[in-house]
Amino acid sequence: MFLNGDRVSYTYNRRTGVEAVKALREVSVRVDRGSFTGLIGPNGCGKTTLLKLLAGVLSPDAGSVSLDGRALATMSKRHVARRIAVVPQETHPAFEYTVLEMALMGRHPHLGAFQLEGPADLAIAREALTATGTSHLAERSYMSLSGGEKQRVVIASALTQSAEVLLLDEPTASLDLGYQLEIGLLLQRLNRERSATLVMATHDLNLAASLCDTLVMMRNGRVIASGNTTEVLTSAMVRQLYDVEADVRVHELAGHLTVVPLARLS
């Protein structure tokens, strides 16, 4: 067992006087080392909240999250950041940074107070840019890049962090088809060639089917199914998740499951 959430629950607005929102209810999830796990389910089902709990960004109301058998709650934020990196859906830096500077931000968990990046940190950042196909953009302003280029740079920053686990929140959201394919291939390569452990929250069932070996299916803050992608991604499960009739079958040319929505149930 590698990264594990054991019966975790989380409630928003617990102390603000606003109506409390129970985002997760006794959710258990297991992420094996070197696996590519997809979190899928409708809007508001708790995918992003679960990612934040797995990253140690949020602390559960009940239950626990552990890494290699050690509870995240017992680790410092810096130590967690050395082992788990987060790739958000969007990144909006406060200042004009170059692509290389954005990548170097991933070294912060490894630096002491007031310590500056050295040659070794720079080499790691440049290697990460090369791995994501963005080394030629190193001196460009991050904000001048296209959506797909920005996402690759953010992934490079996560690689620069030298973490064992990458948690990705909708990494292809708002990208056109070409960039979606590009990011998908990059993630697949990182998983297969670098043995990176990836957990991806996504609404794109076809992306999940093409990349993920394991799926965790969520609805209303609970896990309703999890397991091998080819076993749990079925027409019946799509119906249960989204109230949608869909044709789910292996695409002869693509070589993996594809999902074609047919009709929304009334």
Side-chain angles (χ1 to χ4, degrees), residues 36-40 43 47-48 51-52 54-55 57 81-111 116-208 210-212:
F36 197 149
T37 300
L39 307 180
I40 63 174
N43 288 330
K47 298 188 299 295
T48 297
L51 277 184
K52 290 179 178 179
L54 294 176
V57 174
R82 289 174 178 171
R83 302 193 66 185
I84 301 175
V86 178
V87 178
Q89 189 175 137
E90 293 183 347
T91 301
H92 301 285
F95 302 99
E96 280 284 340
Y97 293 107
T98 66
V99 165
L100 181 57
E101 288 170 336
M102 288 292 292
L104 276 170
M105 289 180 187
R107 298 306 298 163
H108 288 180
H110 300 273
L111 303 177
L116 297 177
E117 299 90 347
D121 301 301
L122 187 62
I124 291 171
R126 290 194 180 280
E127 180 186 0
L129 292 177
T130 298
T132 56
T134 54
S135 59
H136 64 293
L137 303 171
E139 303 308 319
R140 284 268 304 273
S141 165
Y142 172 79
M143 294 306 295
S144 73
L145 304 182
S146 68
E149 289 169 335
K150 286 179 179 176
Q151 196 68 326
R152 282 189 287 153
V153 171
V154 174
I155 294 171
S157 181
L159 292 179
T160 303
Q161 202 167 319
S162 299
E164 301 163 74
V165 183
L166 269 65
L167 305 180
L168 306 108
D169 190 10
E170 296 285 351
T172 60
S174 304
L175 299 182
D176 67 32
L177 189 60
Y179 283 126
Q180 289 179 28
L181 181 62
E182 186 177 273
I183 295 299
L185 291 173
L186 169 60
L187 297 178
Q188 188 176 62
R189 191 170 74 248
L190 293 175
N191 177 244
R192 293 180 178 177
E193 296 179 7
R194 293 191 167 214
S195 299
T197 302
L198 305 180
V199 182
M200 175 180 69
T202 182
H203 285 295
D204 190 334
L205 298 185
N206 287 304
L207 179 71
S210 67
L211 298 178
C212 302

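Heavy-atom basis, side chains included; hydrogens, waters and symmetry copies ignored.
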Pairs where residues 184-202 contributes a residue and the test side chain to side chain donor-acceptor pair (under 3.5 Å) is met, not counting sequence neighbours: none
Main-chain N/O of [Y] paired with [X] side-chain donor or acceptor, under 3.5 Å:
X      : Y      : answer
Arg83  : Glu164 : no
Gln151 : Thr172 : no
Gln161 : Ile84  : yes
Thr134 : Leu137 : no

State which residues pass salt bridge (charged side-chain N to carboxylate O under 4.0 Å, His left out) with Asp121; sequence neighbours excluded, sorted by chain then number. Arg107
Less than 4.5 Å apart, side chain to side chain, heavy atoms only: is that true for [X] and [Y]?
X      : Y      : answer
Val199 : Leu51  : yes
Ser135 : Arg126 : no
Ser157 : Met102 : no

Pairing residues for Thr48 by the side-chain hydrogen bond (donor to acceptor under 3.5 Å, both in side chains) criterion, not counting sequence neighbours: Asp169
Worked check of side-chain contact (heavy atoms from CB on, under 4.5 Å) between Thr91 and Val153: CA-CA 10 Å; Thr91 301; Val153 171; over 6 Å; no
What are the two closest non-hydrogen atoms of Gly148 and Leu175, and how far apart are they? N-CD2, 3.6 Å
Apply side-chain contact (heavy atoms from CB on, under 4.5 Å) to the pair Asp204 and Gln180, showing each step before the final yes or no. CA-CA 10 Å; Asp204 190 334; Gln180 289 179 28; 3.7 Å; yes
For Asn43 and His203, run side-chain contact (heavy atoms from CB on, under 4.5 Å): C-alpha distance rounded to whole Å, both residues' side-chain angles, the deciding distance at 0.1 Å, then the answer. CA-CA 8 Å; Asn43 288 330; His203 285 295; 2.8 Å; yes
